[in-house]
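Some notes on the structure that comes next.
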Number of protein chains: 4
Amino acid sequence: MEQQRRAGPGRPRSQAVRAAILRAALAELEERGYAALTVEGIAARAGAGKQTIYRWWPSKADVVLDALLDTAAERVPVPDEGSLAADLDAFLAATFRQEGQRAVLTGLMAQSVLDPAFAQAFGERFLAGRRAALRGLLERARARGEVDPGADLDLLVDVVYGTLWYRMLVGHAPLDAETGRRLAALVADAARPRHPG
Amino acid sequence: MEQQRRAGPGRPRSQAVRAAILRAALAELEERGYAALTVEGIAARAGAGKQTIYRWWPSKADVVLDALLDTAAERVPVPDEGSLAADLDAFLAATFRQEGQRAVLTGLMAQSVLDPAFAQAFGERFLAGRRAALRGLLERARARGEVDPGADLDLLVDVVYGTLWYRMLVGHAPLDAETGRRLAALVADAARPRHPG
Amino acid sequence: MEQQRRAGPGRPRSQAVRAAILRAALAELEERGYAALTVEGIAARAGAGKQTIYRWWPSKADVVLDALLDTAAERVPVPDEGSLAADLDAFLAATFRQEGQRAVLTGLMAQSVLDPAFAQAFGERFLAGRRAALRGLLERARARGEVDPGADLDLLVDVVYGTLWYRMLVGHAPLDAETGRRLAALVADAARPRHPG
Amino acid sequence: MEQQRRAGPGRPRSQAVRAAILRAALAELEERGYAALTVEGIAARAGAGKQTIYRWWPSKADVVLDALLDTAAERVPVPDEGSLAADLDAFLAATFRQEGQRAVLTGLMAQSVLDPAFAQAFGERFLAGRRAALRGLLERARARGEVDPGADLDLLVDVVYGTLWYRMLVGHAPLDAETGRRLAALVADAARPRHPG
DNA sequence: TCTTAAACGAGACGGTACGTCCGGTCTTTAA
DNA sequence: TTAAAGACCGGACGTACCGTCTCGTTTAAGA
């Protein structure tokens, strides 16, 4: 998951400590919110020294990101149901389903605004994968002729994730199954092939 | 813009100081970034006491929000050009044009994630107005028959602002005139009336 | 008691306000101690503006000093009972009797250490008078032949007030009638005439 | 001198920092006076963090007290010259000699009036020792028959220190060798045995 | 088995900003 | 002109975390 020390002399990194720290970070986050998260708090809760955290992670956000990536091992599978609308629908449904993580995700997005170094890590280690999955789904649909060849796939991806993130960040409207269905339909419709003439 | 003290005894609030603080906040933000913004820094730059800031604003984010609302007095006008696509295009173009404010806006969004009290202020005093303007535009188009009567206008609004915010926050893709045109076309198309049968 | 504005045009100084401020100062002092005394607190309690206090007194200590001098109008009378020991005894007894003022007096002494300007006021307006009274008592005794002509009267005065203040400040030993009697005897004895040869 | 942390895990307290803080406190006190002494100023001058001061001392006065006790390691020796008057004379001379410390001592006394917690520390860690030394001197004189068996030794101690402190605090009269000699004589005379009959 | 070296808990340390309090000054309206 | 009210600048307070730095202790790999 991160830097792998070459096996040499010296005490090897403790996986138990790593796990304890990730667990503590998520627990603190859940209990007190992202804003109240501190390295000291995580260390205290994990029974670890602050130095141990600084040794392996550049910032508290990177700890949380690792925790997120660890638990998201049960990844959102990319559906393949034969039609774009159905695939999108399934994809969004699966995405919404793992939404106990709103606090984690919005916290990381906030952090990534405030800290360019973390923004890069967040983009590369989390966002890029999700975007790639959705783009792959659209590309397959394009190959099947369900998407206009001239369509701006990147824009379509951003429309989907943009809407998701916007609702998640602002919290003014629900992110439920019905919303997913409508959004899927909207995107599938916008992407449909245009028959010239 | 905010709390209006009744004229009673006592020295009245100094508008000059208020303006100096807002100016200082924007200057600090531009020079050093949102993450490095501090109440102390704003006060020092404005030649004001910290207490004066705390007396009138609950947090530094509220200072920045006031600064934003003051300068955004030259509001994005809601265009009315006769067609939905043209209106959307003009609206998005106007929205993008005032993009010296990316740092301000993303900073405030980040803060609004971290501070629920500010989230409410941000939602009510900034986001709601923008959403209402766009919704009005869509409602007029619906009255003209350019939007399907059953369309989920709130979702359409979120698709537009979601895409904008997502690109603004993540910064992976441009927010230029061409992007605006494509997004306008996409939304206008998705909203078009469906003729049953 | 302090500066007297010439009667001219304009609203005259309110004696009621002056009294309210002195009363408030003593009340605050008694309730919360000298250390917690603040100009703001006195003003608030007196229903006065801070400016009103600063207009008439250079510091909070001067307010307290005025309050002390006002209440000490029932001054310690200088006894004249015919013998030095008896006079001293009566003088000390009277001095001790007005010891509800320990907090006031020690507070002012502390302040006078910390603030040279107040030290002068305290010395001239309070300490000097007390010292003069005691010195007068000793001088009368010397005239009666009860005090050695070569005695250092200033030192004798300091021995008396020094012992008093020391016990008052440190609070390690009582300041009661018995102590007064012993101190009176000690000083009278030390001052007694020496018969050369 | 103060709390001795058990040698456990963790970085041990830095004696160099402790010394720098005490030195800085005395330097600030000398340059700017006790009233202008601030924790912030001491920390800045010592190149230390404020937290480091608050970690080890409850108030700035305790810092100064530690500084005083450290430098006063070369304690006033208790003289033993064979006669009470000579002993007292030597004791007072030695006491006066270390009077670069008037600012320190009066500042601490003022603080001890304003802060009961510090008053206890001051009493136990400084005043008590001095009083005990002088009392010991008087007790030895009593054993030699130079002091009346019924004399109130505590009062005699207070007469000596009271006079000293009073002159030091009020500053109206000198504290020189001649004064010391007269005070020594006065006390020795007052303490002399009374032959009944 | 002994040495070496890194990991680790603990906690001191220099900093920086926090949000609060109060000191003194000022600027208003009312008396 | 005094007075109440209260805004204002300034400066220090005591606290919370940051990220770094010693300590003593633990745990493997290599000699």
Side-chain angles (χ1 to χ4, degrees), chain A residues 5-14 16-18 20-21 36-41 43-44 46-56 58-60, chain B residues 5 7-14 16-18 36-41 43-44 46-56 58-60, chain C residues 5 7-14 16-18 20 36-41 43-44 46-56 58-60, chain D residues 5 7-14 16-18 36-41 43-44 46-56 58-60:
Chain A
R5 284 272 183 275
R6 50 120 189 57
R11 180 175 177 174
R13 176 173 187 187
S14 158
V17 167
R18 176 178 185 277
I21 288 170
L37 209 59
T38 67
V39 172
E40 286 197 340
K50 285 184 359 173
Q51 187 69 254
T52 302
I53 294 182
Y54 284 112
R55 187 155 29 225
W56 301 109
S59 78
K60 66 179 181 183
Chain B
R5 284 274 180 274
R11 181 177 178 173
R13 175 172 186 187
S14 160
V17 167
R18 177 180 185 274
L37 206 60
T38 66
V39 172
E40 223 150 56
K50 289 202 301 178
Q51 187 78 253
T52 302
I53 295 183
Y54 285 112
R55 184 154 32 226
W56 300 110
S59 79
K60 67 180 180 182
Chain C
R5 284 272 182 276
R11 180 174 174 174
R13 175 172 186 188
S14 158
V17 167
R18 176 180 185 276
L37 208 59
T38 67
V39 172
E40 286 195 339
K50 284 184 359 175
Q51 188 69 251
T52 304
I53 295 181
Y54 284 113
R55 189 156 25 228
W56 300 109
S59 78
K60 66 179 180 182
Chain D
R5 283 275 178 274
R11 181 177 177 172
R13 175 172 186 187
S14 159
V17 167
R18 176 180 185 274
L37 206 60
T38 66
V39 172
E40 223 150 57
K50 289 202 299 178
Q51 187 77 247
T52 301
I53 296 182
Y54 285 112
R55 185 154 32 224
W56 300 110
S59 79
K60 66 182 181 182

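What you see is a predicted model; the values in this text were computed from it and never measured. We name chains A, B, ... by the order of the sequence lines, and we start the count at 1 in each one.
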*Provide the closest heavy-atom pair for I53(B) versus V39(B) in the form atom of the first, atom of the second, distance.*
CD1-O, 3.9 Å

_Distance check needed: dG14(E) P versus W56(D) CH2, whole Å only._
12 Å

*Check G41(C) against T38(C) and note the closest heavy-atom contact, atom names and distance.*
N-OG1, 2.8 Å

*Within 45 degrees of the axis of the six-membered ring of W56(A) and under 6.0 Å from its centre: does R18(A) put its NZ or CZ there?*
no

*Expressed in angstrom and rounded to an integer, what is the separation of R13(B) atom CZ from dT27(E) atom C1'?*
16 Å

*Where A20(C) and A46(C) come nearest, the two heavy atoms and their spacing*: O-CB, 3.7 Å

Are any protein N/O atoms closer than 3.5 Å to N/O atoms in nucleotides 28-31 of chain E? If there are, list each pair with its distance.
| residue | atom | partner | partner atom | Å |
| --- | --- | --- | --- | --- |
| dT28(E) | O2 | G10(B) | N | 3.1 |

*Going 5' to 3' through nucleotides 13-18 of chain F, assign each nucleotide B (protein heavy atom under 4.0 Å from a base atom), S (under 4.0 Å only from sugar-phosphate atoms) or - (no protein heavy atom that close).*
BBBBBB

*Where the side chain of V17(A) is defined as all heavy atoms beyond and including C-beta, which of dA12(E), dG9(E), dC8(F) is the nearest nucleotide?*
dG9(E)

*Assign A43(D) to base, sugar-phosphate, or nothing according to its heavy-atom contacts below 4.0 angstrom with the strands shown.*
nothing

*asked:* Looking at S14(A), I'd like to know whether one of its side-chain N or O atoms comes within less than 4.0 Å of OP1 or OP2 on dA7(E).
replied: no

*Rounded to the nearest Å, what distance is computed from the CD1 atom of residue I53(D) to the C1' atom of nucleotide dA12(E)?*
14 Å

*asked:* Donor-acceptor check, side chain of K60(B) to backbone of L37(B), threshold 3.5 angstrom: yes or no?
replied: yes

